[in-house]
Amino acid sequence: MPELPEVETTRRGIEPWLKEHTVKNVCIRQPQLRWPVPDAVGALAGQVVHELTRRGKYILLHTDAGVGLIHLGMSGSLRIVEADLAPRKHDHFDLVLDSGKAVRYHDPRRFGAFLWAEGDPLQHALLRELGPEPLEDGFDGDYLFERSRNRSVSVKAFIMNAHIVVGVGNIYANEALFLAGIDPRLAAGGVSRERYAKLAQTIRQILTYAIECGGTTLRDFVREDGAPGYFKLELKVYDRAKLPCVVCQNPIVQITQGQRSTWFCPICQT
């Protein structure tokens, strides 16, 4: 699943093609995505896209008429193509631009979304309950410490909860906990303020680095220019079961937490 760095990489990649350009036409080929594509998205036609922002894993297209919300789901991607290029299978919608280009959404699994918001998009039902952005002010160790008190859920599940902080998916949770030296099985409420300060720092560090590298290379994700990201080459624990820890050489352990795989070093993470 594309995580925050992949979504931010996509946003940055398509921004120069959309910002201050007019959407001439909205072409919906498959209206049944994770939620039905509302007819209201047609209001984008004739509108200038003034700004592209991101909230969690949603890309927001801001116009005078309202805001388009796009989510990549598990396998979705956005590409800039010639508007007259014949669509492939699973090319579900196009935003045709005044430049002769189109932003094309491709999603084999159809778990993505294309929605519409009028007024403040941050008050949309899917956005208003989200936690802070991990790369912006308001997210630090003190915040994590205060929100974790009396919580018995594992610290890994805690930081992956989008109501606590957005965008810390499974890959980056594993990597951040390793860099912070924290056992992912620990109860969130049992982690100290000092250790949360370190964890907040490593979450910022790992996500920033992943964005700089262009996102993690996964089976279903390539960058907007068609080239794969390279961050996966730098992973320290994710998907490295039984391989030696890069610090202590002890084998990396793989377990299951909440139906997700977790990888950690039992020596370096306590």
Which of these, Arg109, His106, His90, sits in a side chain to side chain contact (heavy atoms under 4.5 Å, CB included) with Ser75?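 Passing option: Arg109.
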Between the main-chain N or O of [Y] and the side-chain N or O of [X], is there a donor-acceptor pair closer than 3.5 Å?
X      : Y      : value
Thr22  : Lys24  : no
Lys236 : Glu234 : yes
Arg151 : Phe158 : no
Arg11  : Glu15  : no
Glu8   : Leu4   : no
Arg55  : Leu130 : yes
Gln269 : Gly181 : no
Arg204 : Ala200 : no
Arg128 : Gln123 : yes
Thr202 : Ala176 : yes

Kindly compute the distance separating CD1 (Ile203) from CG (Leu135), expressed to the nearest 0.5 Å.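 The distance works out to 10.0 Å.
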Measuring from Ile182:CD1 to Leu177:CG, what's the distance to the nearest 0.5 Å?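 Answer for the CD1-CG pair, Ile182 versus Leu177, is 6.0 Å.
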Looking only at heavy atoms, what is the nearest atom pair of [X] and [Y], with distance?
X      : Y      : value
Cys265 : Cys248 : SG-SG, 3.5 Å
Ser261 : Asn174 : O-ND2, 4.0 Å
Gly131 : Val166 : O-CG1, 3.4 Å
Leu235 : Arg240 : O-CD, 3.6 Å
Gly73  : Tyr105 : N-OH, 4.5 Å
Arg149 : Val191 : NH2-O, 2.9 Å

Between Gln257, Lys156, Glu175, which is the residue that forms a side chain to side chain donor-acceptor pair (under 3.5 Å) with Asn170?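 Considering Gln257, Lys156, Glu175, a side chain to side chain donor-acceptor pair (under 3.5 Å) with Asn170 is found only for Lys156.
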Chi angles and distances behind the salt bridge (Lys or Arg N to Asp or Glu O under 4.0 Å) call for Asp91, Arg88: CA-CA 6 Å; Asp91 284 347; Arg88 301 171 295 164; 3.6 Å; yes
Using side-chain contact (heavy atoms from CB on, under 4.5 Å), reason through Asp64 and Val48 one step at a time and then give a plain yes or no. CA-CA 8 Å; Asp64 291 337; Val48 175; over 6 Å; no
Using a distance-only test with no angle check, is there a side-chain donor-acceptor pair under 3.5 angstrom linking [X] and [Y]?
X      : Y      : result
His92  : Asp107 : no
His62  : Thr53  : yes
Arg147 : Tyr143 : yes

Atom CG of Asn150 with >12 non-hydrogen neighbours under 6.0 angstrom: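 At most 12 heavy atoms, drawn from other residues, nucleotides or ligands, come within 6.0 Å of this atom.
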Report, as yes or no, whether the 6.0 Å neighbourhood of atom CZ on Arg195 holds more than 12 heavy atoms from other residues, nucleotides or ligands.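 Counting other residues, nucleotides and ligands, CZ of Arg195 exceeds 12 neighbours.
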Ring centroid separation Phe264 to Phe178 under 6.0 Å: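 No, the ring centres sit 6.0 Å or more apart.
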Do the side chains of Glu146 and Arg193 get close enough for a salt bridge, i.e. N-O under 4.0 angstrom?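 Counted as a salt bridge, because a side-chain N and a carboxylate O are separated by less than 4.0 Å.
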NZ/NE/NH1/NH2 to OD/OE distance under 4.0 Å, Glu82 and Lys101: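 Salt bridge: yes.
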Test side-chain contact (heavy atoms from CB on, under 4.5 Å) on Leu95 and Leu61; report intermediate values, then the result. CA-CA 11 Å; Leu95 303 180; Leu61 283 59; 3.5 Å; yes
Dump the intermediate steps for side-chain contact (heavy atoms from CB on, under 4.5 Å) on Tyr172 and Ile159, then the final yes or no. CA-CA 10 Å; Tyr172 303 108; Ile159 62 173; over 6 Å; no
Centre of Tyr58's six-membered ring, under 6.0 Å away, within 45 degrees of the axis: is that where NZ or CZ of Arg54 sits?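 Geometry flag: not set, cation outside 6.0 Å or 45°.
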Evaluate salt bridge (Lys or Arg N to Asp or Glu O under 4.0 Å) for Arg29 paired with Asp94, printing each intermediate quantity in order. CA-CA 8 Å; Arg29 300 185 191 88; Asp94 285 1; 2.7 Å; yes
